[in-house]
2 protein chains.
Amino acid sequence: MAPTAKDTRPLAVRVYEQISSDIIAGTIEAGTALVQEQVAAQYGVSRTPVRDALTQLTLEGLATLVPGRGYIVNTLSPQDVKDVYEVRYTLESLAARQACGLHSPQQLVRLRGMVDEFETVDPADAEELFRMGAAFHAALIDPCPNTYLRNTLAAMWDHPIARRITMTYRQGPEHQSKVARDHRRILEALKTDDPDTIAEVLRYCHNPNDTLD
Amino acid sequence: MAPTAKDTRPLAVRVYEQISSDIIAGTIEAGTALVQEQVAAQYGVSRTPVRDALTQLTLEGLATLVPGRGYIVNTLSPQDVKDVYEVRYTLESLAARQACGLHSPQQLVRLRGMVDEFETVDPADAEELFRMGAAFHAALIDPCPNTYLRNTLAAMWDHPIARRITMTYRQGPEHQSKVARDHRRILEALKTDDPDTIAEVLRYCHNPNDTLD
DNA sequence: CCTCGCTCGGGTGTATACAATGTATACGGT
DNA sequence: ACCGTATACATTGTATACACCCGAGCGAGG
């Protein structure tokens with residue numbers, strides 16, 4: 001745990017991560033007013049990086065600037081989460097279709113290895129599970145030629161709401177094995193080199209009925 | 001032209017709009033280094049709003065921060081434009097499917113009126129054509145219940161690359177009438193209340209083969 | 001009692017000064 | 001001649017101070 005390598009990233013990024021993770025964890029309730037100066041004092045930094053962080057949060061829809069009152073933390077209803085999930089699934093399906101049949105043998109081997117590794121992760125380590133899951137999806141659509149689409153999806157995986165989905169709704173060892181099973185199914189579908197098959201399997205795996213609500 | 005109502009928006013927004021429009025117009029070439037202090041001096045403002053503007057540009061993929069050199073303007077190949085367009089079309093199709101059958105009679109009347117009005121716009125007024133086109137699409141998917149999806153699409157219409165598409169590749173009176181025709185086709189499809197029909201018409205209208213390249 | 005206007009305070013927008021970091025260049029050793 | 005290193009420079013990150021805007025609360029007048 002010894003942080004021999006000090007975090008050298010900009011303060012704005014660290015402040016942003018802290019606030020967003022507090023929001024999705026529920027530590028900061030919806031409706032709370034985030035005031036630049038208060039937040040700055042709380043983290044022992046100046047208003048400048050706080051301003052950057054709050055701007056980012058607003059851009060992502062987690063907060064709203066209310067004149068004269070500060071940045072208000074938006075409510076995140078289950079419907080909002082579903083909405084984000086639906087868009088993400090749609091784009092991921094598009095990307096997978098385009099990536100279909102373009103995976104190199106090395107990439108396929110690597111994907112298979114990632115699933116195996118995924119199953120060995122400590123079920124309690126939500127952060128690691130999240131990272132590995134995102135890595136699998138990233139590798140899956142890596143051959144997709146649409147760069148903008150790949151970047152958009154990468155941003156959505158890093159999106160706080162996506163984290164909220166994973167951390168809140170997807171927990172426990174049984175879910176870990178379900179995800180591993182889904183990923184194996186996806187790899188099976190990949191063998192067919194048929195975009196429709198891939199999309200169909202993705203639709204099945206992303207079916208929110210058993211993960212959300 | 002008398003600016004009786006002074007622009008009261010934040011400087012960061014105005015600087016951002018100026019730079020992004022200069023980029024898509026080609027006034028600022030790809031590879032150009034945007035240095036905070038230089039830009040600030042150029043517009044007669046301080047570095048703070050310039051910083052905000054450049055951050056926004058980076059977030060949207062129009063520039064990249066290169067340490068020690070400044071913000072470098074990214075190249076925008078026709079392929080990049082196509083990529084953005086494809087994602088936009090995909091999401092718009094999804095939104096239209098969900099909005100299908102949910103339009104109130106008033107909304108349908110309004111949509112029809114917008115198409116008529118669109119045809120009366122001066123073909124040389126690219127800015128107005130862009131605004132009206134965006135308004136039509138916004139009204140089209142307005143009943144879509146997925147708020148996140150609606151917001152995402154709204155952001156994409158305002159995206160500089162979308163402006164580039166409209167301003168660069170879609171010009172002239174014949175294109176104006178083509179768009180009006182397409183919009184009428186979409187309205188016809190709306191009558192069927194069938195999501196597949198809508199999606200099919202959208203796919204036809206968004207076929208980039210005759211508008212891009 | 002209601003309404004209009006004014007002052008006051010909280011909050012963000014903007015400007016400027018300072019600190020940290022990474023790059024390019026020049027110089028000396030090999 | 002080449003490579004490693006140290007130094008100077010360019011650029012962004014951060015902190016602080018000032019200016020503007022908006023809303024709330026209070027008081028005077030109808």
Side-chain angles (χ1 to χ4, degrees), chain A residues 3-23 28-75 158, chain B residues 3-23 28-75 158:
Chain A
T4 45
K6 194 174 60 178
D7 191 352
T8 180
R9 291 174 306 168
L11 287 178
V13 176
R14 284 181 271 173
V15 171
Y16 161 79
E17 286 180 354
Q18 185 62 49
I19 295 179
S20 70
S21 97
D22 280 352
I23 291 178
I28 300 178
E29 292 179 30
T32 306
L34 297 174
V35 177
Q36 292 181 359
E37 189 151 5
Q38 288 178 10
V39 177
Q42 181 176 343
Y43 291 102
V45 298
S46 84
R47 268 182 52 208
T48 309
V50 173
R51 210 178 112 81
D52 292 353
L54 292 181
T55 301
Q56 181 75 14
L57 287 171
T58 302
L59 243 15
E60 286 175 344
L62 266 69
T64 305
L65 174 56
V66 177
R69 197 161 306 178
Y71 289 78
I72 305 298
V73 175
N74 290 338
T75 64
D158 263 350
Chain B
T4 45
K6 195 172 59 178
D7 190 353
T8 180
R9 291 174 308 169
L11 286 178
V13 176
R14 283 181 271 174
V15 171
Y16 161 79
E17 286 180 353
Q18 184 63 49
I19 296 179
S20 70
S21 96
D22 280 351
I23 291 177
I28 301 178
E29 292 180 29
T32 307
L34 297 174
V35 176
Q36 293 181 359
E37 189 152 6
Q38 287 179 12
V39 177
Q42 180 176 345
Y43 290 103
V45 299
S46 84
R47 267 182 51 207
T48 308
V50 172
R51 209 179 112 80
D52 292 352
L54 292 180
T55 300
Q56 181 76 16
L57 287 171
T58 303
L59 243 15
E60 286 174 343
L62 265 70
T64 305
L65 174 57
V66 178
R69 194 162 310 177
Y71 290 78
I72 304 298
V73 175
N74 289 339
T75 63
D158 263 350

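When reading the values below, keep in mind they use all heavy atoms of this one structure, side chains included, and skip hydrogens, waters and symmetry mates. Quick caveat, the model's predicted, so the values are computed rather than measured. Throughout, a chain's letter reflects where its sequence line sits, starting with A, and its residues are numbered from 1.
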Discussion item. Do A:Asn74 and A:Leu62 make a side-chain contact, defined as non-hydrogen atoms from C-beta onward lying under 4.5 Å apart?
Written reply: no
Discussion item. Can you confirm whether A:Glu37 is buried at CD, in the sense that more than 12 heavy atoms of other residues, nucleotides or ligands lie under 6.0 Å from that atom?
Written reply: no
Discussion item. Please find the pair of heavy atoms, one from B:Ala53 and one from B:Ala12, that lie closest to each other, and give the distance.
Written reply: CB-O, 3.7 Å
Discussion item. To the closest 0.5 Å, what do you measure between CG (B:Asp22) and CD1 (B:Ile28)?
Written reply: 4.5 Å
Fill in: Shortest non-hydrogen contact from B:Ala33 toward B:Gln38
O-OE1, 4.5 Å
Worksheet item: Could you spell out the base pairing of DNA chain C in dot-bracket, with Watson-Crick or G-U pairs whose two distances are under 3.5 Å, [ ] crossing and | to another strand?
Response: ||||||||||||||||||||||||||||||
Discussion item. What's the closest nucleotide to the side chain of A:Leu65 if the choices are D:dA24, C:dT12, C:dT23?
Written reply: C:dT12
Fill in: Residues A:Thr55, B:Gln56; criterion side chain to side chain contact (heavy atoms under 4.5 Å, CB included); working and verdict
CA-CA 10 Å; A:Thr55 301; B:Gln56 181 76 16; 5.7 Å; no
Worksheet item: When rounded to the nearest 0.5 angstrom, what is the spacing between CD1 in A:Ile23 and CG in A:Leu34?
Response: 6.0 Å
Response to the item:
Contacts of A:Gly68 and B:Ala12 projected onto DNA chain C by closest heavy atom; the upstream (5') one is A:Gly68
Fill in: 5' priority, DNA chain D, between A:Pro67 and A:Pro10 [closest heavy atom]
A:Pro10
Discussion item. For A:Val50, run the side-chain contact (heavy atoms from CB on, under 4.5 Å) check against A:Thr48, A:Leu54, A:Asp52 and tell me which one passes.
Written reply: A:Leu54
Worksheet entry | Side-chain (B:Arg47) to main-chain (B:Ala40) donor-acceptor, under 3.5 angstrom | no
Worksheet item: Side chain of A:Arg14, backbone of A:Arg9: donor and acceptor closer than 3.5 Å?
Response: yes
Practice prompt. Calculate the interatomic distance between A:Ile72 atom CD1 and C:dG10 atom C1'; express it in whole Å.
Written response: 13 Å
Worksheet item: Atom CG of B:Leu11 to atom P of D:dC20: distance rounded to whole Å?
Response: 12 Å
Worksheet item: Looking at A:Ile19, A:Val13, A:Val15, which one forms a side-chain contact (heavy atoms from CB on, under 4.5 Å) with A:Glu17?
Response: A:Val13
Hey, what are the protein-to-nucleotides 5-8 of chain D N/O distances that come in under 3.5 Å?
none

Worksheet entry | Interface with DNA chain C, restricted to residues 30-54 of chain B and to heavy atoms under 4.0 Å | B:Val45, B:Ser46, B:Arg47, B:Thr48, B:Pro49
